[in-house]
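One structure below.
Order of the sequence lines fixes the chain letters, A, B, ..., with proteins taken first and strands second; residue numbering starts at 1 for each chain.
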There are 2 protein chains.
Amino acid sequence: MSDVTLRGALDTLKENGVRITPQRHAILEYLVTSKSHPTADEIYKSLASTFPNMSVATVYNNLRVFQGVNLIKELPYGDSSSRFDFVTHDHYHIICTECDKIVDFHYPGLEEVEHLASHVTGFQVNAHRMEVYGTCPICAGNVTETH
Amino acid sequence: MSDVTLRGALDTLKENGVRITPQRHAILEYLVTSKSHPTADEIYKSLASTFPNMSVATVYNNLRVFQGVNLIKELPYGDSSSRFDFVTHDHYHIICTECDKIVDFHYPGLEEVEHLASHVTGFQVNAHRMEVYGTCPICAGNVTETH
DNA sequence: TAAACTAATTGTAATGATTACAAAGTAAGA
DNA sequence: TCTTACTTTGTAATCATTACAATTAGTTTA
């Protein structure tokens with residue numbers, strides 16, 4: 001399935017007149033297939049074996065390009081580096097405050113909040129962001145997860 | 001009213017055995033009275049006239065202390081510095097993507113989302129964050145605000 | 001009140017993510 | 001092939017935030 005997703009992403013680039021370079025392809029592929037929400041540095045390091053000469057700047061540049069065409073979203077955190085998430089359907093993130101794990105979960109959507117916010121503030125609303133914080137089962141010790 | 005809020009905040013500090021220094025008082029007061037959502041640097045600059053010798057480190061240190069006792073929240077963004085918001089009741093933020101203005105709005109609460117997230121992922125949920133993005137009336141040109 | 005101890009502040013250096021920029025490479029069209 | 005625009009690369013610069021050691025202030029105890 002991620003094959004389809006990747007192809008769609010490449011199409012989006014084409015449609016927007018963005019050249020598909022090997023580096024871009026690789027970065028996109030990494031974002032799609034790795035289920036994680038990688039930092040720029042993680043992407044950089046992961047692709048280092050395939051592209052020994054790739055610059056970190058390239059990663060950042062292209063992450064920005066991808067954001068520009070709404071393929072990915074930046075998830076900024078206070079202390080460390082931003083993480084990047086491939087945009088798929090309506091899903092939200094729940095984040096473990098102990099181990100920083102990010103897990104996706106689906107939710108019907110919060111258009112209602114957008115409407116209310118728009119109504120109350122007079123803004124034209126484009127998007128929203130929402131995250132839930134807590135302790136994951138492993139950190140909570142509820143689960144014998146390993147082995 | 002912000003008088004009451006400030007006093008409450010000071011009480012919270014006392015209860016948690018946090019010493020109330022002049023700097024802390026001033027930083028808190030600034031957070032309470034300024035309706036904005038200031039960055040650490042804005043706080044630092046604003047208090048520079050009153051505390052010419054105060055260090056940026058002090059601002060950061062104390063913002064962390066205040067976070068520790070849940071008086072304020074950090075709002076991290078991707079590009080620039082984090083902003084800090086005095087925690088009051090259930091309110092959310094709507095952010096203008098053009099001028100970066102942050103406006104508060106109330107919403108009944110999203111416990112439902114927390115419950116669902118907890119149920120689906122097995123996390124113990126503590127908190128959530130939610131923000132709406134859009135264009136404010138002034139930037140949208142809908143309003144003859146100034147004169 | 002003074003001594004002893006603890007907490008807070010200060011100044012500055014260090015860190016680390018991100019960006020700017022110039023040079024070199026690459027693709028695409030005329 | 002020549003020209004032009006776009007990308008990548010390498011590296012230096014920026015900027016927010018933190019670490020840390022030295023100093024100061026507050027609190028406790030005798």
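At the phosphate of C/dA28, neither OP1 nor OP2 sits under 4.0 Å from any side-chain N or O atom of A/Arg19. Between A/Thr21 and the phosphate of D/dT8, there is a side-chain N or O to OP1/OP2 separation shorter than 4.0 Å.
Summarising the geometry, the separation between CD1 on B/Ile20 and C1' on D/dA25 is reported as 15 Å, rounded to the nearest angstrom. Rounded to whole Å, atom P of D/dT24 lies 19 Å from atom CZ of B/Arg24. Per the geometry, CD belonging to B/Glu42 stands 11 Å off P belonging to D/dT17, to the nearest Å. D/dG26 atom C1' lies 13 Å from atom CD of B/Gln23, rounded to whole Å. The CG-P distance, from B/Asn16 to C/dA7, rounds to 15 Å in whole Å. Rounding to whole angstrom units, NZ of residue A/Lys14 and P of C/dA27 are separated by 16 Å. Put simply, NZ on B/Lys45 is 11 Å from C1' on D/dC15, counting in whole angstrom units. For A/Tyr44 and C/dT18, the OH to P distance is 14 Å, given to the nearest whole Å.
Less than 4.0 Å separates DNA chain D from at least one heavy atom of each of the following residues of residues 51-64 of chain A: A/Asn53, A/Met54, A/Ser55, A/Ala57, A/Thr58, A/Asn61, A/Asn62.
Nearer to the 5' terminus of DNA chain D, by closest-nucleotide assignment, is the contact made by B/Arg83 (compared with the other of B/Pro22 and B/Arg83).
Comment: B/Asp11 does not engage B/Arg7 in a salt bridge, judged by the lack of any side-chain N to carboxylate O separation of less than 4.0 angstrom.
The nearest pair of heavy atoms linking B/Glu42 to B/Tyr30 is O-OH, 4.3 Å. Nearest heavy atom pair, residue B/Ala40 against residue B/Val59, reads O-CG1, 3.6 Å.
Atom CG of B/Asn61 and atom CD1 of B/Ile27 lie 9.0 Å apart (nearest 0.5 Å).
Residues passing the ring pair (Phe, Tyr, Trp, His ring centres under 6.0 Å) test with B/His93 are B/His37, B/His91, sequence neighbours excluded.
Looking only at atom types and distance, the side chain of B/Thr58 has no donor-acceptor partner in the side chain of B/Gln23 under 3.5 Å away. If you check the side chains of A/His128 and B/Tyr92, you find no donor sitting under 3.5 Å from an acceptor.
Looking at heavy-atom distances under 4.0 Å, A/Ser82 makes contact with sugar-phosphate atoms alone, never a base.
Picking from D/dA16, C/dT9, C/dT18 the nucleotide with the shortest atom distance to the side chain of A/Ala40 gives C/dT18.
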